[in-house]
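Just so it is clear, the model here is predicted, and its values are computed rather than measured. We count residues from 1, following the sequence as given.
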Amino acid sequence: MSDLVTESVLCIFFSFGLLFSPSFYSQRVLEASIAENKASLKRTHPEVWSDSPNPYDRKRQDNCPVGLKNVGNTCWFSAVIQSLFNLLEFRRLVLNFNPPANAQDLPRNQKEHRNLPFMRELRYLFALLVGSKRKYVDPSRAVEILKDAFKSNDSQQQDVSEFTHKLLDWLEDAFQIKAEEERDGEKPKNPMVELFYGRFLAVGVLEGKKFENTEMFGQYPLQVNGFKDLHECLEAAMIEGEIESLHSENSAKSGQEHWFTELPPVLTFELSRFEFNQALGRPEKIHNKLEFPPILYLDRYMHKNREITRIKRDEIKRLKEYLTVLQQRLERYLSYGSGPKRFPLVDVLQYALEFASSKPVCTSPVDDLGASAPSSGTLPAQTSPSTIDQQGPSSSDVPSTSPVQRSVIHKPFTQSRIPPDLPMHPAPRHITEEELSVLEGCLHRWRTEVENDTRDLQESISRIHRTIELMYSDKTMVQVPYRLHAVLVHEGQANAGHYWAYIYDHHQNRWMKYNDISVTKSTWEELERDSFGGYRNASAYCLMYINDKEQYLIQEEFNKETGQILLGMDTLPSDLRDYVKEDNKRFEKELEEWDAELAQKAQQEKLLSQIPRAPAPSPAPVQAGEPEYLEQPSRTDLSKHLKEDSVQAINKALAEQEDRGPEAIMDTSSDNAPAPPAPNQRVVEVAIPDVGTFVIESEEGGYDDEAIKLEYARLLKLAQEDPPPECDYRLRHAIVYFIQNQAPKKIIERTLLEQFGDHNLSFDERCRNIMKVAQAKLEMIKPDEVNMEEYERWHQDYRNFRETTMFLMVGLEFFQKKSYMEALLYLIYAYQNNKELLSKGPYRGHDEELISHYRRECLLKLNEHAAALFESGDDQEVNNGLIIMNELIVPCLPLLLVDEMEEKDIVAVEDMRNRWCSYLGQEMEPNLQEKLTDFLPKLLDCSTEIKGFNDPPKLPSYSTHELCERYARIMMSLSRTPADGR
């Protein structure tokens, strides 16, 4: 039994082990080929996930399922373990497993020395998946025990498919030891065998002799190539050889039928999507589409229904033969003719009817030529001599003797015999009314007959298809339902790929996608797209069905005393509950330490904000050739750029005061001014769309308030305009940004006062007066009137907007210079920052599609460059190409896959992957094959968990004028460049 378990059901745990059936010689060759290929390669330490420093990013949300961390090309482990963990009966078996009482007398051999420790780690892992407060947990300890068992003398790891057999061997042995300990004179029952094993009866004829054998099976291997759905695969697998020979007494042919006599509660089909290419000497993946249903009825394959099934199979066979005849007849109607070009017969008759009904209208081809000749005042139309000869002279047709008019425009006609008058379109030349009437009647009748025949054939074919589909839908053949529980998906090629699982949540009635640390809600439509095949390089390689009548497989536990459902930690044995509690305490401590660190930083910032700010010193001149860089622009830095705008507003107010006089400044009938203010109160009021009313008060009127008023009116006008893309007025001033995003009016008021209260304005008397008035107004603002935390958030958002603009601008400049490596990082940060801004409002950032397009183009061009370096075969060039892929492209792929609505990004990722997967079928040097095999799993990793990048690139410090000018220049250059599908 042990060997049988190892060869069968336990193989459901992992990747390629599921893809090969020992019963097929070709697949034995395939498995040996992959094992030999990978065993010969030296492995480098694979890239692993790095945890976010913020523990709240790793905190489990509510009761969301827990993910498994990829600790180095272990997505196969995650996919299978999650599929089994979500089988509640299997979960209970693992969690409630107790080591044998005589464990202290073990190990008796090396096998038991490993399988019991692994079982212990698997229990711990399952317990964490139940009750952890973490978003995902680390399976390293269980995985390392597996890996250690597969290291040969030279420390080379074996093929991953071998993990499957060894792992399941350990599990069976662990349960078998426990079963033998608890038996009471009876044969021990192994729960793993009870859960995953079934039996089938093989009935057949071998060289004229009948035989019957009962065999056990675990996962059932199915061939994919040549079949369209799961039932076709099963029908082919249940019948081998010449089926007619089974019912013949005197036949030398051989064949056999398989009939299930006992189905396991958990039925696993392994889909053989790999075949061995004899010419290339390596395996290849089959990407054909194969459909499978959410509910699978297996009655037709049961031994007890064999007689009914045979009758139905014979009937289906006869129907398919008749269907073939009908389809051939229909093809003759739809594709009529004996030549290379064929047309529907009904169209041929219609064309003949149209021809017969046409009336001939005869003209000379020369007339057509003259009509199509270009009209010109210098070249009048001519009639050729040969035409004159045929038709006779005309008084109006006088040949010209001028040299120009003797040009040889119509020379070919003057040297050739012109045919007699021809119809303008094909039509019968001689047909009587009686003939036409008879012919039209026949053609009408024939066309109607053909239409009726075609429709009858199509309806007959549809009825036969429907009959075949419903052949097994009667009540007696829907008594053994199996529900799809999990689909294990592989994306990539035969030698490399990524694995994830779709698992059905039987209590929430929805599909979930388990992709390493990422666990998300999914749909049947998404499962179809990724699992059926024929779309991209992803397809199912293992289907796990469960008996829909065996509710204990998915049923929750109940408290025996209260009858209440046990959930979460209550389902764990006491030792595992304590283990999970300790791990949760460690994680809670991480959260507390993080909170304390943030609180300390906030306190420090608060103390610094209370310290009076000294006048900002004049900026030191920048040395030529040494651009100034900034890590994060502060509001003080930005205020320097506003100095020029403030001075212009002051000068404009003074000019108006000189022209109109002081009283005019106070005139409330001027533009944008309200009704007269109260005595001793100066009011400037400007309407702000969707914001409210902007009010500045002062005891005295004058050019100080007028300057502020004029500046605000200017900014409001900019905010209301709809400029072209190259003129983004938000870059000119924060208030334009605030108005467009409907910031609170007090935020806008304080910002404008801070602009005029800045110490950079204190260079003459007029500006100092303005500065003092603005500072006085700032002091008059009460603490409860402006939420300073909100104020800081708005200004931080504006700094982020300017920073995003600079990332975008520099990235596009590098892109136009074809410096794609430099451009990529800038565009990545531009996209990520911009996405965060747009989440707060549609006018907070830039055009997301624009940034996405150039980010995508950068990756595609770098991918092509890296592929070209790899194809060169030079060691240094190959290494440089792989560095580009590993350090630039691979870390960026999750950014393109995280939003599945971005179809262009998904297509781009597939194009890049296909570019490298195409090398698998080519001859190459062993060292290149080794590097390719090591690299492809990283490229094909489909997890959307975003990995950390290096620190963002430093940005040059631009003045507002410089920033607007360079931004306008780059955006205008883009408008002159083809969008390439953008």
Side-chain angles (χ1 to χ4, degrees), residues 5 8-13 18 63 65-66 79-97 119 122-123 125-127 129-130 168 171-172 174-175 178-179 189-199 216-220 230 260-270 292-299 301-302 478-488 501-512 514 519 524 527 540 542-560 563-568 570-573:
V5 172
S8 307
V9 67
L10 299 179
C11 290
I12 64 175
F13 275 82
L18 290 169
N63 293 319
V66 179
V80 182
I81 287 295
Q82 292 281 23
S83 300
L84 293 172
F85 170 79
N86 282 280
L87 273 175
L88 299 188
E89 178 62 15
F90 183 85
R91 183 193 303 182
R92 285 189 285 269
L93 285 172
V94 173
L95 293 175
N96 296 315
F97 176 84
M119 197 67 201
L122 190 61
R123 290 183 72 237
L125 185 59
F126 272 30
L129 291 175
V130 169
L168 302 171
L171 289 174
E172 184 213 353
F175 280 104
K178 186 65 177 175
K189 292 185 177 181
N190 191 313
M192 291 291 290
V193 177
E194 297 291 323
L195 195 59
F196 294 106
Y197 272 86
R199 290 180 173 82
M216 288 190 70
F217 70 92
Q219 79 286 352
Y220 204 84
L230 187 60
F260 292 131
T261 57
E262 181 181 344
L263 289 171
V266 181
L267 177 59
T268 304
F269 296 111
E270 67 171 64
F292 47 84
I295 299 292
L296 180 68
Y297 293 99
L298 294 169
D299 305 74
Y301 310 110
M302 301 301 296
V478 290
Q479 300 300 311
V480 188
Y482 270 70
R483 181 177 296 275
L484 186 61
H485 166 70
V487 180
L488 279 66
Y502 290 102
I503 303 173
Y504 191 67
D505 185 332
H506 299 271
H507 300 284
Q508 298 293 330
N509 294 322
R510 67 188 181 194
W511 285 96
M512 302 292 291
Y514 289 78
V519 183
W524 175 255
L527 184 152
C542 176
L543 305 177
M544 190 180 294
Y545 283 88
I546 60 174
N547 191 325
D548 204 32
K549 294 184 176 181
E550 301 288 354
Q551 289 300 307
Y552 76 94
L553 293 171
I554 56 174
Q555 194 170 34
E556 301 282 3
E557 290 185 77
F558 291 85
N559 187 300
K560 295 180 180 179
Q564 297 293 321
I565 296 179
L566 298 178
L567 298 173
D570 294 335
T571 63
L572 300 179

Applying ring pair (Phe, Tyr, Trp, His ring centres under 6.0 Å), name anything that partners [X], two or more places apart in sequence or on another chain.
X	value
Tyr514	none
Phe85	Phe126
Phe260	Phe217, Tyr220

Identify, with sequence neighbours excluded, every residue that meets side-chain contact (heavy atoms from CB on, under 4.5 Å) alongside [X].
X	answer
Glu550	Asn547, Tyr552, Leu553
Gln479	Asp299, Lys475, Lys549
Val66	Arg60, Leu129, Val137
Leu484	Phe292, Val487, Trp511, Trp524, Leu543, Tyr545

**Request:** Check whether more than 12 heavy atoms from other residues, nucleotides or ligands sit under 6.0 Å from atom CG of Asn509, and answer yes or no.
**Result:**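 Check passes, neighbour count above 12.
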**Contacts of Glu262 that satisfy side chain to side chain donor-acceptor pair (under 3.5 Å) - sequence neighbours left out** = Arg199
**Complete:** Residue set satisfying side chain to side chain donor-acceptor pair (under 3.5 Å) with Tyr301, at least two apart, ordered chain then number -> His231
Listed by chain and number, what are the salt bridge (Lys or Arg N to Asp or Glu O under 4.0 Å) partners of [X], not counting sequence neighbours?
X	result
Arg91	none
Arg510	none
Glu194	none

**Prompt:** Hey, does the side chain of His506 reach the backbone of Gln555 with a donor-acceptor pair shorter than 3.5 angstrom?
**Reply:** no
**Item:** Heavy-atom side-chain contact between Leu298 and Leu267 under 4.5 Å
**Value:**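 Side chain of Leu298 against side chain of Leu267, heavy atoms only: contact under 4.5 Å found.
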**Item:** Euclidean distance, Leu572 CG relative to Asn96 CG, rounded to 0.5 Å
**Value:** 9.0 Å
